[in-house]
Amino acid sequence: MQRSITDFTLITGVIGEDVHVTGIRIMEHALRTEGFNVFSLGIHNTSDEFVKAALEHKADAILVSSLCGHAEILVRDLRSKCTDAGIGNIHLCLGGQLVIHEEPWSTTENRFLSMGFDRVHRPFILPNEAISALKVDLNITQDSVVGQFKSQL
Amino acid sequence: MQRSITDFTLITGVIGEDVHVTGIRIMEHALRTEGFNVFSLGIHNTSDEFVKAALEHKADAILVSSLCGHAEILVRDLRSKCTDAGIGNIHLCLGGQLVIHEEPWSTTENRFLSMGFDRVHRPFILPNEAISALKVDLNITQDSVVGQFKSQL
Amino acid sequence: MQISNKRWSTDYFFEQRKRVLSMWPTGNGVSLTDAFAYHHAMNPLKNASNKAMEAKRKGLTLMCPSTGKDTISAHTNLLKYMQDEAKVQFVTTYIDSLTRNCKFDVAKQELQKANDTGKPRLNGFPVVEHGVMGNRAVIDALDIPVLLFGPTPDARLTHEIGLAGGHTGYSGGPLISFWNYTKNVPVESIIHNFQYINRLMGHYEENGVPMMYCVSGAMPATSPPSIMVAPEIIEVLIAAAQGVKHVQLNCWVQGHFAQDLAMILTFQKLTREYLDRFGFTDVKTTTYSVSPTGRFPVAHDQVYGLIAYYAVLGVMGKVQLIGSRTIDEAHHIPTIEGTAHSFRCAGMVINMLQNQNFNVLDNPAVKEEAYYMEIEVRAILDKVLELGSGDIVLGTKLAIEQGVLDQPYSTSQLVKSKVLGVKDCTGAARFYDFGNLPFDSDIKAFHLSKIAEREKQLGCKVDYETVVKDLTAVSEGYILPEFIGSSL
Amino acid sequence: MQISNKRWSTDYFFEQRKRVLSMWPTGNGVSLTDAFAYHHAMNPLKNASNKAMEAKRKGLTLMCPSTGKDTISAHTNLLKYMQDEAKVQFVTTYIDSLTRNCKFDVAKQELQKANDTGKPRLNGFPVVEHGVMGNRAVIDALDIPVLLFGPTPDARLTHEIGLAGGHTGYSGGPLISFWNYTKNVPVESIIHNFQYINRLMGHYEENGVPMMYCVSGAMPATSPPSIMVAPEIIEVLIAAAQGVKHVQLNCWVQGHFAQDLAMILTFQKLTREYLDRFGFTDVKTTTYSVSPTGRFPVAHDQVYGLIAYYAVLGVMGKVQLIGSRTIDEAHHIPTIEGTAHSFRCAGMVINMLQNQNFNVLDNPAVKEEAYYMEIEVRAILDKVLELGSGDIVLGTKLAIEQGVLDQPYSTSQLVKSKVLGVKDCTGAARFYDFGNLPFDSDIKAFHLSKIAEREKQLGCKVDYETVVKDLTAVSEGYILPEFIGSSL
Ligand code: B12
Ligand code: B12
């Protein structure tokens, strides 16, 4: 059975001691407009809080934002905590501005992929692009699109 | 016999189709303040005109300014014209902004030295620095200094 | 926790102080007697308040970058480079965010790694972990004043160590920390922590050491200035009650000349008025302007344009200090060179403009903005005072609960966050949603008419989408999103 | 050579034209019929006058870099890059200086070398040597207007080929060419050459092709604006007499807000007035501002600051076109990238500011400057007209001989060059030496009082040394030399 976008539930939030909230707020707005169910945790969340919320809402994915430059320190245990909680297969997606030094993007991307993320976004990714990638990742086909585009038909 | 600065005669001017007059005007002002005899040819001078003026005023040096970027085309025959006119040993000095492309300064300097100039100045050389070099080149010792500094004693 | 805007008793302060100093081992290294002696021996113009007041007397606009590196040598090199190469007249010690959140142990581990590997690990200088002597090692290497920098709910120990360590001021404040740096810390506990900091600064003042406190109110995000100025004046009044004598007013400029200049004027005027009203007539103010914190353009050339633009604004606003984002802003924590380039660019503009005394402050458009801004700020502050029965601290707590004090995009869940800003067709910030702000119909009509003009220009209603696009338009090179890429 | 400000007869023009076209083989390739057809087929907004007038109607400030490369492919790539990457709305074909001096043979040899080696050999585009089709190859690759650019005593053939080749305007003029680009060419012969160019443009206008003529007057060098505005208005009147219908006023800004803005205003006001006085009521004007030609700072960061600063000035002056020096200015002929960076920086500022309609033009300081500037320009122009018994061309020749029209640092030996400028303590240009300018004691007292203020600030007399230092102060990062390196 084909699930439509409205059947998908996402947990969003900023991890760690990071206060940069504007970007993820905009993403949440765009995701909701697209039709997703979004549970927003706001800022200052631990890995445990993400996992707990995912369990509680039977989420399909966790979208973590990090801009303060400490992502490497903050996100390393998220996948293992998911596994421990029995949701080891949940889609994990990361975005924001991840590192404080300059390095090729592929180095950054691989670092976080190898920590267990399924999708790592470049800085300044636009909502539309991030959403397209998410639909691919969650296997949501165009037919199941609702929200702003569908509603225009 | 020690010659004093007031015994030295300089020809100054801008060579070729170049109109950048401000820099050499400032140099002339500084050279005169220092005590030199300065005959200024202004802009738009050919090599011949420089040589003619040098002969006429029995000059010790010719100071050529070029900013338009065509120096290489404009100054190549100055030394040989001097030689032909019997003043082959006259001190030839070049300043301004000499080339239109970027290259190491030593390349530029050597190019013009090998065309027969005795002293080639970097862009933006300050009057004081250029004058110090000129005094070294013309063998003018501190004792023979007149002009602004001397007059302050 | 019940607090008020009364001056803390000496006993209460020193009782609290014991706890604060014991938060981390380096706290024991603080001796106030020694600190006062250290500051008294300092060149007077190395003291931030003295220098800012001198700039005010002479009508000068000076520069102050906000930067910090983790290790002592990295931080010292950075600040010296700023002083010598970027020719700035003030520098700051940006506090790293782990220390800001009192995660001293993690910060220490990371600092250790930084020291070991020579690679940066923290996004600022861990003031507490370096201890008094570590701070002084930095200060001693410099000839210009150094400020602590960074809002956070609890910077008490950072101040104990940072001020004893030779810093002569701080930029931050309880309300900005609450709105923009916390998730669910009650405002009263943050204010309490700041009363501590303010009392500590007051104590330094009483002992002959001027300390400059730069309030910050609330981060702008297409914010009509009244909602930034009102919280800043509250921060001033809280500080003054605890004995702070030198306050710097942080004028968050957002790029709209008339509105930003009006903010700089109104802020000074009303601060003086409210300070005097409560008897704090001896508190001196200076001004600081800094560009907004919205996303910055990625291309250096465009950022240079913005930096210079904001420098023009600051000089025309006759502020004493200019802060600036850097050309690296959108990319990563600014490199030393990137910061120096940015300030040399701003410096060029300042050095062109400041001696011209080109006065645009009585411009009619500035006056119109100032007129509404002033009645808005008064409306908010007077309501806050009414709620607190005259006590600004009590009033603040209640006003936040009721949305009389409110902010868009707050990080705190204790905030209504109903208020929202949108730009008008000249790029000025207007209220899209007034939330529960205590505004009369006159004020509302003004904002709505300005939005109506924008709607006319757009040919459609302003909506949440417009609000979002307005936020990042500048990073795409335009004050208004509808002009992006447009031309003749 | 005896000339006057009368419209040339058709016969005289076409007789001259034969000689001009025979100056170099490519002259034979010019057919006016074909040229008109080519221009009529062009998108109207690719015509410079149309686009500038449209900008005036819409209140927009657009950008126009001055650049040129020697080969067709290099020049095309450059201009396309400007259009696409720097997002400018106008571009220019900078004429190389060999061509400007009619050394077509040398220019051709150098061009050949450039084509052969792929390395640049000329400091601009040799318009004549490329012929009509070579010019069109460039124009056809673009979507925006292209102007010819470069003062020089004889650009007649350059115009024949450049305009037929698709350019829709020119920036230069007889007086700027005389003051700043010649050694001993009599002004009347330069004017004669420009009457030819103006008549040619008039002929295009009569055939339905608007041509924009941007006068330039005289290069500033700490020049009180009246000595730039007066020659520019003379250039306008000469052009109008030959049938030019679209004039652009080149406002040379030197960095002093009040003075530069006053110049922009006064220039427009008086141009209209003198045009109307002579019956040229149908001549339309637009404005252009560009930063001064004094030495530029070497450091990119500082130049960026200056570029943005001048962009603020231009927008506040509500000019239609902004030119700009580039970050490479002090180093070498700007690279493509350097120019694009510079204009992206200026563009950022324009896009922030232009929709704000922040009006500073009725600022009191602007008005004070405008007051004196206006009576100075009138004094000069009226004296010129008096000398010429009402004929501005005759008057100009005599006025130059007598120093009624005069310039500092002129390249011409036919100029008195007695007049000299120096800055006052706000950085505005004042007369240090009035030479033989026909000014009354009121004007002189104003300038002297301003200089006296500077002397008070300096604590010593202003002298020739000050004059020299004022000239290069900006390249060292300050509007006034006495502040270089100073701070609190
Ligand atoms: C505004 C801002 C702030 C504000 C934040 C206000 C707030 N509450 O949100 C304030 C001033 C508080 C702030 C503070 C700090 N900041 Co800050 N800040 C910025 C700034 C200027 C813009 C960020 C922003 O709002 N962008 C606008 C939004 C809309 O864009 P975005 O966040 O990039 O998000 C977009 C996408 O990335 C995407 N997205 C974001 N997250 C996610 C997640 C997922 C899963 C997906 C799919 C998509 C997605 O959504 C948006 C849609 O386009 C940036 C620099 C810049 N970029 O210009 C620095 C920056 C992020 N900050 C930085 C730093 C270091 C700090 C501090 C730690 C500084 C300090 N030492 O004190 C403190 C933080 C303290 C703390 N405890 O965290 C650094 C980070 C260093 C790094 N990562 O390399 C930056 C890059 C500045 C710099 N150059 O130094 N900051
Ligand atoms: C002002 C200026 C002009 C003015 C000149 C006004 C005038 N009549 O003097 C105008 C606008 C007319 C002009 C025109 C052109 N210019 Co121009 N101009 C400049 C500018 C901005 C400043 C030059 C200046 O006045 N400097 C101030 C004086 C005080 O300094 P200075 O000349 O460097 O001189 C100092 C020292 O070098 C020393 N000095 C100078 N000469 C000598 C000689 C000797 C022997 C000694 C000892 C010392 C000495 O004395 C001074 C003391 O400090 C420079 C760029 C820059 N530097 O910022 C470009 C620049 C020199 N120009 C340039 C060009 C290409 C031109 C044009 C050819 C452009 C064109 N394609 O049309 C035309 C020239 C046409 C022609 N026929 O020559 C290029 C030259 C390219 C190169 N060399 O690489 C430059 C570098 C700009 C650029 N980046 O493209 N220019």
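Reminder, nothing fancy here: chain letters follow the sequence lines and each chain counts from 1.
Counting heavy-atom pairs closer than 4.5 Å to chain C, the top residue among D:His256, D:Lys58, D:Gln259 is D:His256. Highest contact tally toward chain D, considering only C:Val366, C:Val349, C:Ile144, C:Ile327, is held by C:Val349 [criterion: heavy-atom pairs under 4.5 Å]. Interface summary for chain D: among C:Lys87, C:Met316, C:His300, the most heavy-atom pairs under 4.5 angstrom belong to C:Met316. Ranking D:Leu62, D:Leu306, D:Asn355 against chain C, the residue ahead of the rest is D:Asn355, based on heavy-atom pairs under 4.5 Å. Highest contact tally toward chain D, considering only C:Leu480, C:Asn359, C:Leu353, C:Val312, is held by C:Leu353 [criterion: heavy-atom pairs under 4.5 Å]. The most heavy-atom pairs under 4.5 Å with chain C, out of D:Pro297, D:Gly305, D:Gly485, come from D:Gly305. Among C:Glu54, C:His341, C:Lys51, the residue making the largest number of heavy-atom pairs under 4.5 Å with chain D is C:His341. Between chain D and the residues C:Ala308, C:Gly427, C:Gly477, C:Ala55, the most heavy-atom pairs under 4.5 angstrom are made by C:Gly477.
The environment of NZ in D:Lys46 is crowded: more than 12 heavy-atom neighbours from other residues, nucleotides or ligands sit within 6.0 Å. For C:Lys56, the NZ atom sits in a packed shell: over 12 heavy atoms of surrounding residues, nucleotides or ligands are nearer than 6.0 Å.
Classified by interplanar angle (parallel below 30°, tilted 30° to 60°, perpendicular above 60°), the ring pair D:Tyr309/D:Phe257 is perpendicular.
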Open item on the list: Before you tell me yes or no, could you show the steps for D:Val290 and D:Trp252 under side chain to side chain contact (heavy atoms under 4.5 Å, CB included), namely the whole-Å CA-CA distance, both residues' side-chain angles and the distance that decides it to 0.1 Å?
Closed with: CA-CA 5 Å; D:Val290 69; D:Trp252 296 102; 3.7 Å; yes
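If you run salt bridge (Lys or Arg N to Asp or Glu O under 4.0 Å) between D:Asp470 and each of D:Lys423, D:Arg430, D:Arg454, D:Arg295, only D:Arg454 comes through.
C:Tyr478 OH to C:Gln302 CD: the interatomic distance, rounded to the nearest 0.5 Å, is 8.5 Å.
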